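What follows is one structure encoded as structure tokens, with my remarks underneath.
Given the structure is predicted, the values throughout are model-derived calculations rather than measurements. Residue numbers start at 1 and run along the sequence shown. Just follow the structure's listing: the first ligand is 1, and inside any ligand the first atom is 1.
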Amino acid sequence: MNNNELKELYNSLSIEEKIGQLFQVTGYLLDSDEVLTGPLCDIGLTEEDIKLSGSVVGLGSKGAESLTRIQKKHIERHPKGIPLIFMMDIIHGYRTIYPMPLAMGATFNPELMRECAEMAAVEGAASGVHATFSPMVDLVRDIRWGRVLESTGEDVYLNCVMARSMVEGYQGTNIAGKGTLAACVKHFAAYGAAEGGRDYNSVELSERTLRDFYLPAYKAAIDAGCKLVMTAFNTVDGIPSTANKKLMRNILRTEMGFNNTVISDFGAISELVMHGLAENGAEAARLSLEAGCDIDMMSGSYSRYIKELIEKGEVSEELLEESVMRVLQLKNELGLFENPYKGADVEREKEICLCERHKQIALRAAAESFVLLKNEDSLLPLDKAKKIAFIGPYIDRRELLSSWAITGETEDVSTILEEHAAYSSEIKAGFAKGCPILPGGTVMDGFTALEPLTATEGEVEEYKAEAVELAKNSDIAVLFIGEHYLQSGEAASRSNPSIPEIQRELFEAIYRVNKNIVVVLFSGRPLVLDGLEEKAGAILNVWMPGTMGAKAIWKVLLGEMEPSGRLPMSFPVNVGQIPVHYDELRTGRPWMPDEKERFQSKYLDVRNAPLYSFGYGLGYTEFEISKVSLSDAELTAEGA
Ligand code: BGC
């Protein structure tokens, strides 16, 4: 459609149909013929609202077959036949899951990042998705925040480069194409600076820090042509982002020149009341629209209040038009008026999802993301002539995908034990679980998906005894330990982000009988290691490595692949050091270890430097660094 046709379409819509374009619902609401009851009624949704809605947040429904069915039904019952945009959290892969974004940051490889995003787009698009809620580019400095896993880390430049790669990988050169997705950069702005690392908490930053550190990566995504921006749950300077005019109008629209669609985070508009900014839902809707937030993700506020606000003259029709036109424009750019199903193709979906080529990319990405933190006496790569014990709760787990891999399937993931089959004739290996990942009866509030963690005390002792016996009779013990995958991600802040106690006890028990310990550490964030790093002979940090994680781990342990990751975020020595990041400003009283001066910027009980800093990581290769020489005596802004 050309602009005039789009404008004509807009003019032909009733006020309810216009407002409908700004309302996003979940897939299962559109896919069900059930009469609305329960919480959705509480937010004031009617059958009519759903019929007129403009887009879908992909929870509850996925796959080409079901998204095609939903689209068809929607077009048939929408008075003007306007198609939906299907948006989904494709965070680190659609079906083939590559390592979590922080791990991708560790690759320092923007080309690989682009390749991974491209493969996610190809799979997602074939499955009927039109837009992904990615990249998340929030700069992070606090490992207590569970969402650090979604970011590429603490460095502004790395975040910018990776943001650009992701946008280019998802969107390609034509978002109307069959294998591409529109990208949505999030969460605007500075969600990563939530105070105390507690999710959804307020953000307090100086203007300088906001601009120098937190904003550039969003800008990089926008400059790369990103089609959507998502608001953040947090306040910036006391005002929730979703209604923060300075942030959304002055900075995002005027300064950064973003002319495309802004979407709220899930339910964020109605939360303005709880924030204390808006007195009621109507005011929340008005403030958000005024701030330039076009789409209301699942709060129902726009459908419920905008019409009334316009009738009362509290919101202008021009404001409504501005937002609705942006959504129609996006649909147009996606080519949905010509082909509402875009890339959805059941056959292609089967063929492309988890195809061999994609698995190979995910395998390479995993190995490139692993960070070798320690390797004393060259314990790694493992010496196949030695007798080796493989121990720990992660030896038989398939949960290697992260809590944000919501479109992935754990059944696609092989375990460490299964992948050993390829080497069974070469390695004298013994296996023991050692302990459960968390103690029996552990409850994590709000996580219904948590498997029953039921091991009794007797069973725990049995697992441990078996593992100790095995370690005693082996030359090397490789321990596969770490966080449960639900201990990181959204709403998964931890005041003490360390290895679960039960696994620490296992480590100590093994250490008593065998000092040659290699730790393979799984986690959604840098962890506090509580001195374990001193006792372990080698530590390989593997994050949440994705579908091909177990295979990549074997290859790296055995030296068939190089662990080439470098830390994108520092590991603090302890929680008290947080925030600790490499690009701190200088103080007037820097710590100088050689001077026995009391009045220096330091702690009495811990050093200033992190345990492992940004950029740190060992390799299997030995390097010799020769004398540095400069190519020029002057460095220009262009870097020539
Ligand atoms: C998260 C977003 C996500 C959205 C839709 C929210 O809770 O903060 O990052 O894109 O849900 O699933």
| task | Before giving the answer on side chain to side chain donor-acceptor pair (under 3.5 Å), spell out for S202 and E195 the whole-Å C-alpha distance, their side-chain angles and the decisive distance to 0.1 Å. | result | CA-CA 6 Å; S202 309; E195 267 183 21; 6.0 Å; no
| task | Any atoms of ligand 1 less than 4.0 Å from a non-hydrogen atom of H187? List them with their elements. | result | 2 (C), 8 (O), 9 (O)
| For W404 and ligand 1, does the shortest N/O to N/O distance drop below 3.5 Å? | no
| request: For atom 3 (C) of ligand 1, state which one of D199, T26, D89, D138 supplies the nearest heavy atom. | output: D89
| S303: partners by side-chain hydrogen bond (donor to acceptor under 3.5 Å, both in side chains), with sequence neighbours left out | none
| request: Answer yes or no: is there a donor N or O on one side and an acceptor on the other, between the side chain of R249 and the main chain of E290, under 3.5 Å? | output: yes
| message | Heavy-atom contact check, 4.0 Å cutoff: does M230 meet ligand 1? | response | yes
| Parallel, tilted or perpendicular: rings of H187 and Y191 (30°, 60°) | perpendicular
| remark: Contact region, R147 to ligand 1, non-hydrogen atoms below 4.0 Å, reads side chain
| message | If the contact criterion is a heavy-atom separation under 4.0 Å, does F233 count as touching ligand 1? | response | yes
| query | What residue among D199, V140, D138 forms side chain to side chain contact (heavy atoms under 4.5 Å, CB included) with R147? | reply | D199
| query | Applying salt bridge (charged side-chain N to carboxylate O under 4.0 Å, His left out), which residue pairs with at least one partner in residues 209-229 are found, sequence neighbours left out? | reply | E207-R211, R208-D212, R211-E255, K219-D223, K227-E333
| query | Counting heavy atoms only, which part of M136 comes closer than 4.0 Å to ligand 1: side chain, backbone, both or neither? | reply | neither
| request: Number the atoms of ligand 1 from 1 as they appear, then name those within less than 4.0 Å of a heavy atom of K186, with their elements. | output: 2 (C), 3 (C), 9 (O), 10 (O)
| said: At less than 4.0 angstrom from any non-hydrogen atom of D265, what atoms of ligand 1 do you find? | reply: 1 (C), 2 (C), 3 (C), 4 (C), 6 (C), 7 (O), 8 (O), 11 (O)
| query | Is the backbone of D296 close enough, under 3.5 Å, to the side chain of S264 for a donor and an acceptor to pair up by distance? | reply | no
| query | Which of the atoms in ligand 1, numbered in the order shown and given with their element, are less than 4.0 Å from a heavy-atom of F133? | reply | 10 (O)
